[in-house]
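The structure under discussion appears below in the form of structure tokens.
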Amino acid sequence: MRACIYARYSSELQREASIEDQLRICRRLIADRGWKEAAVHADQGMSGSSHLRPGYQAMMQDARAGRFDILVAESLDRLSRDQEHIAALFKQLRFLGIPILTVAEGEISELHIGLKGTMSALYLKDLAQKTHRGLEGRVRNGKSAGGISYGYRAVRYALPDGSVTTGERVIDEEQAEIVRRIFRDYASGLSPRAIAAALNRDHVPGPAATAWGASTIQGNWRRGTGILNNELYIGRLVWNRQRFVKDPDTGKRQARLNPPEEWVVQPVPELELISPDLWQAVRERQGATRYQMKSATGEQRPERARRIRYLFSGLLACGCCGGAYTLTGANYYGCAGARNKGTCDNRRMIKREVLEVRVLEGLKQKLLHPDLIAAFVEEYRREYNASRQTETARRQALESELGRTRRAIEQIVEAIADGMYHPSMKEKMATLESCKQAAEAELAAIPEETPLRLHPNLAAVYRRKVEQLAEALNADELSRLEATESLRGLITAIRIIPLDGEEMAIELAAIMALGDASAKKPRAVSDGAYSRTLVAGAGFEPAAFRL
């Protein structure tokens, strides 16, 4: 039997020898069973709370490819500490006919998944609480609870007991002077973009030795991020301003603000870099220039800030540096790297209306390709069949239930005819009749299954809809918003490439596909005919072409 070994140690252990220890005992088990080692996968310094681990994913690929017959690990929590993930792993491997065997628990069954999964989840929760408690203690002692802010450096020295200090930091005078420069420049009227461009021109390395950007300086005033919002520079250590929750679909963490009463604020005057007067001057300018999206009544409307103002905003990229092409002034797009950071030499700009017309014309030509029209017809057929599967299954279940109810009624009627009447039969008959009527009513509400008949001019209808898509951009607001979302859904990226002279090439990466799994099922419009709205979605590989 071919055996695959999986090993992992988490970040709190920080010991690479742990992997070798796990492999040794797993190989001993394989040798005792007379099996053959087929593959070894390991993840070092990675938490078991996430399944997005390189070694874990490689192991799953080998399992799907049939490269091993049994999975061996030191214990179940080496595979995962998340209840959902360990249950999914067990289900997938069982479907593939691959058992899980661990040195600690033996062959894994549903009982292990339930008990060990719960224990691992509780362990992670307890570990998070203890870690949070420990970090709070460090903050209240004036020490760092995590990363080191720009303007400071970490220091370590030995303690009498032989251990080394952690969380200690001192002012880095070279970086501190850059911080003071940023505050002075902003208070005197320079924008974060101008400040970042000047720092890059002077070859001043930014945080993590990267180029300076406007967002690095401006940050988010609510979350206290960015150089201008870091209260540590005035000798105030603020911790627990936000927490992180993990998205169950992507496994990525998302920041959520905590209420102010949960913040931990600790004075650290020895780390002060900025005078209170300079800090207050920056605060006043930020308050005066901050753009608030409000309704006519003054109510905050954050959803307006996320609304796409122009057709291709956020999709444009520079063909030289790969940075974003953003709006410069009212009508021209330009490279943000050249304008905000000074890290790109592409100073070429393109008028917004010209770009939109060229992209729309090129996109319309691609959408009218015969292969895509054929894909539209086939996608309609596939989505129609998928939408009817649920209705067909429910119809069959109701018909089966109705048949059993009718037979039960007939049996009671025959018993009464034979003289076997009992008062309880009356109540039973009433219940069965009620169930029969309910099943018949629900069955009647389900449309009869009819063969799919496609309109002979469906391809022409599709062509006309595509041609009208651009026209909808000049219609009423609702039509314009719907057309904008549909067009943006067809495009993954637009690259602006400067050519010789004043010419510019536009390279469009578009997904030529139709169908949306989240859309509603087809609706009946006449006997045997159905209507469905199809929008851009996944299905074909992105196609790049120049306009």
Side-chain angles (χ1 to χ4, degrees), residues 182 185-186 189-201 206-207 210-223 225-229 285-286 289-293 301-363 473 480-481 483-485 487-499 502-511 542 544 546-547:
I182 292 172
D185 289 347
Y186 185 83
L190 291 181
S191 68
R193 290 178 178 176
I195 296 172
L199 291 172
N200 290 327
R201 282 197 304 269
T210 58
W212 288 93
S215 60
T216 306
I217 297 172
Q218 182 72 17
N220 186 306
W221 64 277
R222 289 189 180 89
R223 300 184 184 276
T225 60
I227 297 291
L228 296 176
N229 302 305
R285 187 184 172 211
Q286 281 185 321
T289 59
R290 188 176 299 126
Y291 182 70
Q292 298 286 359
M293 302 300 295
R301 296 296 299 274
E303 72 276 9
R304 292 188 179 182
R306 296 192 294 268
R307 180 173 295 177
I308 299 299
R309 185 175 181 181
Y310 297 110
L311 185 56
F312 300 123
S313 297
L315 298 176
L316 306 178
C318 175
C320 296
C321 69
Y325 240 65
T326 56
L327 204 61
T328 301
N331 295 312
Y332 286 87
Y333 283 109
C335 175
R339 183 163 58 98
N340 299 336
K341 299 182 178 181
T343 56
C344 182
D345 296 330
N346 179 17
R347 297 284 178 177
R348 198 77 59 81
M349 293 190 294
I350 184 171
K351 197 170 184 179
R352 178 175 60 84
E353 292 83 354
V354 172
L355 181 139
E356 291 178 355
V357 169
R358 289 177 64 178
V359 172
L360 287 174
E361 287 298 323
L363 190 60
L473 295 172
R480 184 168 62 253
L481 288 174
T484 299
E485 290 300 320
L487 283 168
R488 290 176 61 86
L490 296 173
I491 300 171
T492 58
I494 302 174
R495 296 177 66 241
I496 312 299
I497 305 171
L499 302 177
E502 297 297 323
E503 294 296 322
M504 301 183 71
I506 301 176
E507 188 173 87
L508 186 63
I511 299 178
R546 285 196 178 187
L547 307 179

Gap separating the CG atom of Asn346 from the SG atom of Cys321, nearest 0.5 angstrom
7.0 Å

Keeping the roles fixed (side chain from Arg285, backbone from Gly189), state whether a donor-acceptor pair exists under 3.5 Å.
yes

Could you tell me which non-hydrogen atom of Trp212 sits nearest to which non-hydrogen atom of Ile217, and how far apart they are?
CE3-CG1, 4.1 Å

Smallest heavy-atom separation, Gly319 atom then Ile497 atom, equals CA-CG1, 4.0 Å

So, for Ala196 and Ala214, which heavy atoms are closest and what is the spacing to 0.1 Å?
CB-N, 4.0 Å

Counting distance only, does the side-chain N/O of Asn229 pair as donor-acceptor with the main-chain N or O of Gln218 below 3.5 Å?
yes

Straight-line distance of Leu228 CG to Tyr186 OH, nearest 0.5 Å:
6.5 Å

Given the rule in the side chain to side chain contact (heavy atoms under 4.5 Å, CB included) test, do Cys320 and Cys335 qualify, once you have shown the distances and angles that lead to the verdict?
CA-CA 9 Å; Cys320 296; Cys335 175; over 6 Å; no

Steps toward side chain to side chain contact (heavy atoms under 4.5 Å, CB included) verdict (Leu355, Leu316):
CA-CA 10 Å; Leu355 181 139; Leu316 306 178; 4.1 Å; yes

Would you mind reporting whether Cys318 and Ile496 have side-chain heavy atoms less than 4.5 Å apart?
no

Roughly how far apart are Arg339 CZ and Met349 CE, rounded to 0.5 Å?
9.0 Å

Quick one: closest heavy-atom pair of Ile195 and Ile182, and the distance?
CD1-O, 3.8 Å

d(Asn340 CG, Thr326 OG1) to nearest 0.5 Å is 6.0 Å

Would you say Arg348's side chain and Leu499's backbone share a donor-acceptor pair under 3.5 angstrom?
yes

Verify, without hydrogens or angle tests, whether Thr225 (side chain) and Asn220 (backbone) share a donor-acceptor contact under 3.5 angstrom.
yes

Go through Tyr333 and Arg352 one step at a time and tell me if the side chain to side chain contact (heavy atoms under 4.5 Å, CB included) criterion holds.
CA-CA 6 Å; Tyr333 283 109; Arg352 178 175 60 84; 3.6 Å; yes

Just by distance, do the side chain of Arg347 and the backbone of Ala338 share a donor-acceptor pair under 3.5 Å?
yes

Taking everything shown except Asp345 itself, do over 12 heavy atoms lie less than 6.0 Å from its CG?
no

